[in-house]
Each structure stands twice: as C-alpha cells, then as structure tokens.
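Just so we're on the same page: letters track the sequence lines, and every chain starts at 1.
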There are 2 protein chains.
Amino acid sequence: MALKNLEVACDYFLNDPDSIFSPLSEEEKKDLFANHVCTVYKKGEIIFKEGDKPTGLICLANGKVKIFKEGVGGREQIVRMASPLGFIGYRALFAGQNYSGSALALEDSIVCILEKEALFKILKNNAEITLALMKKMADELGISNTRTVSLTQKHIRGRLAESLLLLVDTYGLEEDGRTIRAYLSREDLANLSNMTTSNAIRTLSTFASEKLISLEGRKISILDMKKLERVSDMG
Amino acid sequence: MALKNLEVACDYFLNDPDSIFSPLSEEEKKDLFANHVCTVYKKGEIIFKEGDKPTGLICLANGKVKIFKEGVGGREQIVRMASPLGFIGYRALFAGQNYSGSALALEDSIVCILEKEALFKILKNNAEITLALMKKMADELGISNTRTVSLTQKHIRGRLAESLLLLVDTYGLEEDGRTIRAYLSREDLANLSNMTTSNAIRTLSTFASEKLISLEGRKISILDMKKLERVSDMG
DNA sequence: ATAAAAAAATGTTTTATAACACATTATCCC
DNA sequence: GGGATAATGTGTTATAAAACATTTTTTTAT
C-alpha cells in the first residue's frame with residue numbers, strides 16, 4: 001500500500017464537500033486531524049472483535065469490510081458490508097457500548113480512526129453533523145429491519161438473489177457493466193444470505209444454469225438483472 | 001379514557017427530569033408544546049401505515065403498540081414492541097423517509113406527537129438532545145441486528161422463549177411477580193417469533209407441559225425463568 | 001514441483017417447520 | 001340469547017433446507 005495513500009486517507013472525511021464533516025471550521029478540522037490514526041489492514045485481518053471497546057469513529061477510506069455476528073453454535077451472520085467512504089462500528093460508539101459484532105477486512109483496507117473524545121467534543125457543538133450521522137444510522141436501521149424480514153421469510157433463491165443485488169448496490173459493477181466488483185468466497189456469500197455454504201454453491205450453479213448470472217471462480221456477472229430482481233422479490 | 005390523562009400525556013416528555021427533553025429551556029419547551037397533538041387510539045387501531053409520511057415525533061404516553069412489517073405474501077413480522085414513555089416511528093422521521101413499517105395499538109393507547117418542523121428547529125440547536133436520540137437509535141439498531149441473528153438461527157423453541165423474555169423485558173410482570181404484563185394473541189406471538197400461529201400454540205403448550213410457563217388464555221406466567229433463559233440461549 | 005490445505009461442487013439422508021385440514025372453544029354483536 | 005365470527009387447539013402431510021458424505025478443483029506453502 002503506497003504511503004501516499006495512507007497520508008491522504010483521512011482527507012476525504014475532513015475536507016471533501018460531500019463529507020458530513022465539511023461544515024466544520026478549519027480549527028475543528030485541525031482538532032479532529034490531530035486526534036486521528038490511519039491504519040492499513042491486510043486482507044483477512046480483524047479490525048475489531050465482538051466485545052472490544054470502540055476508540056473512535058472508524059472511517060473506511062479504501063477496501064471492503066464485512067461486519068458480522070457470531071450466532072448459534074458459532075454460525076456467522078454477516079450484518080453489513082462496508083464500502084469506502086463509509087463508517088464502521090459507529091453504532092456501538094454512539095450507543096456507548098462495546099462492539100456487538102466483528103469487522104474483518106475482505107481486501108487490503110485503509111481505515112482512519114477519529115478519536116472518540118475529540119469527536120464528541122465537536123459533535124456537542126454541531127447538531128447539524130450529529131443529525132447527519134443520525135440519518136445514516138436511521139437508514140441503516142431501516143435496512144436492518146428489512147433484512148430481518150427478508151432473511152427470515154424469503155426462500156433460499158430469494159435470499160441469495162437479494163445478496164447479489166446488495167453487493168451490486170454496495171460495490172458496483174466492473175467496467176464491463178455486469179461483473180460484481182466484489183469477490184467473496186461462497187462461504188461469505190452463504191453467511192450473508194443465511195444459508196449453508198453448500199446451498200449457496202448449489203443455488204449459484206442453478207442461477208448460472210438459468211442464465212441469470214455467469215460464474216468464473218469468485219467472479220460473478222449479472223446476465224439478467226430484471227429476472228434476478230424478480231427472483232429476489234418473489235421470496 | 002379520562003380527559004385528564006390526555007391533557008397530561010405530553011407532560012412527561014417535556015417536563016420529567018428523566019426525559020431527553022429536560023435540558024431544554026422553558027421557551028423551547030413552550031414552543032414544542034405549542035406544536036404538539038395528543039391522540040387516543042383504541043385497541044386495534046392503526047397509528048401509522050407503511051408508506052405514510054411522518055408528521056412528527058410520536059411519543060407513547062400510555063398503552064402498548066406493535067411495529068410490524070409486511071413480508072413475503074403479506075406475512076407479518078413484528079419488528080418491535082413499544083412501551084410507554086418510548087418513541088415510535090422516529091427512524092423514518094430521522095431518515096427523512098416514509099414509514100417502512102406500520103404501528104398498531106394493542107391496547108387503548110395515548111400518543112403525543114411533537115410536530116416535525118418545531119422539533120427539528122430545536123434539535124438543530126441542541127446537539128445534546130440529538131445525541132440522546134441517537135443513542136436510542138443506536139441501541140435499537142443493536143437489538144435489530146441481534147434479533148436478525150436470533151430469528152434466523154434459533155429453532156422454534158428458542159425463538160418463542162426469546163419473545164417471552166422480550167415481553168417481560170418490555171412490559172414487566174404483574175404484582176404476582178410471574179405473569180407477563182402483556183396479553184398478546186397467539187398470532188401476534190407467532191409474528192413476533194417468526195413462526196406460524198399453529199407452531200406458537202403448540203410450542204406454548206409444550207412449554208406449559210414442561211412447567212416452564214403456565215397458560216390461562218392470553219395470560220402467560222413464567223414458572224421457571226432460568227430454564228426459559230436457557231431454552232432461549234440454546235437456540 | 002509436489003504435498004498439504006482450503007475451497008468448491010455434488011449427491012443423499014434427515015429433520016425442522018410450514019402447510020393443510022378439521023375440531024373446539026371463546027368473543028362479538030344484532 | 002343465539003348465531004356468526006374469530007381465536008385456539010391438535011393431528012397429518014409435504015417440503016425446504018440443514019446435515020452429512022465424498023469427490024474434485026484451486027490455492028498455498030514447502
């Protein structure tokens with residue numbers, strides 16, 4: 001990972017006009033910058049674990065991260081897929097709790113941590129930014145509730161189709177306009193979709209034989225988006 | 001419903017020292033009060049429907065309310081049970097979206113609606129209160145994520161046991177120290193626990209025959225809390 | 001390059017739970 | 001009060017998906 005990338009990793013979160021922090025004064029930004037750390041996590045490394053104490057607001061500058069919980073008998077459920085320029089672990093931070101899930105880098109990732117105390121000092125004087133963070137959390141709560149219903153009520157095909165669409169939504173498509181810009185293991189795909197790995201593999205093959213998608217190792221291309229959406233909606 | 005109750009319904013939310021609005025100035029409270037409506041909903045009445053536009057922050061002064069979503073084939077999933085002195089529908093309000101679920105009064109209920117514009121005007125100048133609301137939402141997001149895992153991974157017994165414990169947690173026990181202070185239909189219990197009504201009935205009977213609970217119509221008493229917790233934890 | 005380990009693929013069996021069918025009991029309401 | 005309607009209870013069947021078993025392919029390490 002080029003050192004330069006690391007240096008500018010934090011830049012977006014503080015200075016980009018699209019960032020929720022852009023309304024801050026130069027002084028406040030300086031204060032946040034003085035209390036931040038940037039870190040590189042290699043593919044497969046844990047960023048935080050269930051039970052860890054949050055040290056600040058983690059901003060994902062680069063890479064892909066899965067947030068997951070351990071369920072019955074250690075079975076993993078992926079709660080969320082994080083993408084660049086998003087926040088990680090802010091739920092626990094704002095609930096004043098330890099992390100209720102773990103985060104793992106699915107690719108080499110750069111994160112930028114805005115230290116807790118400095119952040120809250122600034123939030124206490126900036127309701128606008130606090131409201132913007134609140135909006136993000138409200139969005140996420142809506143997604144979580146919807147996901148609960150999908151994961152419990154849809155059948156395997158619907159759940160897997162929904163996950164593929166979620167990945168497209170989160171990470172987009174490659175230049176060819178049909179390949180999902182995310183290369184997950186079948187196991188991760190299964191843990192995202194609440195099914196066994198075997199069933200994820202099987203159902204992917206079925207989708208491929210139905211020409212909904214094409215498969216090439218971990219590379220998944222959407223051949224028929226409309227039909228895939230229909231499969232996702234049908235349950 | 002006594003009129004007096006209606007008049008004082010809003011009182012807690014604005015004036016009680018435990019309320020998140022207590023830090024407001026008298027003037028701000030007056031402003032909120034001038035822009036509020038109190039309403040009584042009879043048992044079975046809809047408070048809002050999926051797709052409706054939020055008009056303000058709904059505070060439940062009295063009663064019991066279920067928040068639910070329609071899933072595959074109209075199948076209902078109860079997302080949350082609201083109890084007095086809690087907020088309803090604030091997720092959509094802060095996400096700037098229409099309601100993504102519906103709310104229905106399970107008993108005669110009094111709600112107090114703080115009008116949107118007046119509320120936001122005040123929140124913009126009070127990061128402390130905004131942070132307090134954010135904490136509530138962060139708590140709820142944690143619960144939602146945990147629930148997703150429980151509802152997808154636990155078996156029927158575990159899911160039902162968890163729901164019973166959730167009801168105890170939310171509404172408490174009667175004076176006898178063992179009867180759940182909430183009298184849901186088997187169908188609601190099923191929709192809370194992600195199972196069919198038949199299975200809710202069957203599993204309740206099994207719990208009763210195992211002396212975990214006792215049943216008397218809708219009255220459910222916990223006979224062995226420890227064992228019930230164990231059933232919930234085992235999945 | 002080859003062994004070892006991990007991931008993917010596929011067929012078979014088992015099981016949890018939904019779906020269905022029907023009986024019984026409460027509750028509503030004219 | 002009695003008919004209608006909704007809620008509860010119970011047995012049976014069907015099925016989706018997990019569990020299990022085994023093979024093949026890919027990746028990683030030595």
Value in whole Å for how far the [atom2] atom of [N] lies from [atom1] of [X]:
| X | N | atom1 | atom2 | value |
| --- | --- | --- | --- | --- |
| B/Q153 | D/dA18 | CD | C1' | 13 Å |
| B/R186 | D/dA6 | CZ | C1' | 14 Å |
| A/E216 | D/dT27 | CD | P | 12 Å |

Starting from the 5' end of DNA chain C, give me the residue, A/L215 or B/S198, whose nearest nucleotide shows up first.
A/L215

Polar atoms only, N or O, under 3.5 Å: list the protein pairs with nucleotides 15-17 of chain D and their distances.
unit_1	atom_1	unit_2	atom_2	d
D/dA17	OP1	A/I156	N	3.2
D/dA17	OP2	A/I156	N	3.3

With a strict under 4.0 Å distance from non-hydrogen atoms of chain B, what nucleotide opens and what nucleotide closes the contacted stretch of DNA chain C, reading 5' to 3'?
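With heavy atoms of chain B under 4.0 Å away, the range is C/dA16 to C/dC20.
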
If you measure from the Lys or Arg side-chain nitrogens to the Asp or Glu carboxylate oxygens, is any gap between [X] and [Y] under 4.0 Å?
| X | Y | answer |
| --- | --- | --- |
| B/E140 | B/R80 | yes |
| B/E174 | B/R181 | yes |
| A/E229 | A/K226 | yes |
| A/K66 | A/D188 | yes |
| B/R75 | B/E70 | no |

Dump the intermediate steps for side-chain contact (heavy atoms from CB on, under 4.5 Å) on A/L57 and A/C112, then the final yes or no.
CA-CA 8 Å; A/L57 181 64; A/C112 163; over 6 Å; no

How far apart are the closest heavy atoms of [X] and [Y], and which atoms are they?
| X | Y | value |
| --- | --- | --- |
| A/V149 | B/G71 | CG1-CA, 3.6 Å |
| B/Q77 | B/L192 | NE2-O, 3.4 Å |
| B/L160 | B/S193 | CD1-OG, 3.8 Å |

Within the structure shown, what part of the strands sits under 4.0 Å from B/T197 by heavy-atom distance: base, sugar-phosphate, or nothing?
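Nothing: the residue B/T197, judged by heavy atoms under 4.0 Å, touches no strand.
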
Does A/R147 reach the side chain of A/V79, with side-chain heavy atoms less than 4.5 Å apart?
no

Any side-chain heavy atom of B/F87 within less than 4.5 Å of one from B/L133?
yes

side-chain contact (heavy atoms from CB on, under 4.5 Å) for A/I67 and A/L104? Distances and angles first, verdict last.
CA-CA 7 Å; A/I67 319 284; A/L104 183 143; over 6 Å; no

Which pairs, with at least one residue in residues 197-227 of chain A and sequence neighbours excluded, count as a ring-ring contact (aromatic ring centres under 6.0 Å, His included)?
none

Please list, pair by pair, any protein nitrogen or oxygen found under 3.5 Å from a nitrogen or oxygen in nucleotides 28-30 of chain D.
none

So how far off straight is the helix from C/dA1-D/dT30 to C/dC30-D/dG1, going by the axes through five pairs at either end, to 10°?
50°

Residues touching DNA chain D, which here means a heavy atom under 4.0 Å, drawn from residues 202-209 of chain B
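Those residues are B/R202, B/S205.
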
Tell me whether the NZ or CZ atom of B/K136 lies within the 45° cone about the ring axis of B/Y90 and under 6.0 Å from its centre.
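No, B/K136 does not sit over the ring of B/Y90.
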
NZ or CZ of B/K53 within 45° of B/Y99 ring axis and under 6.0 Å:
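The answer is no, since B/K53 fails at least one limit relative to B/Y99.
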
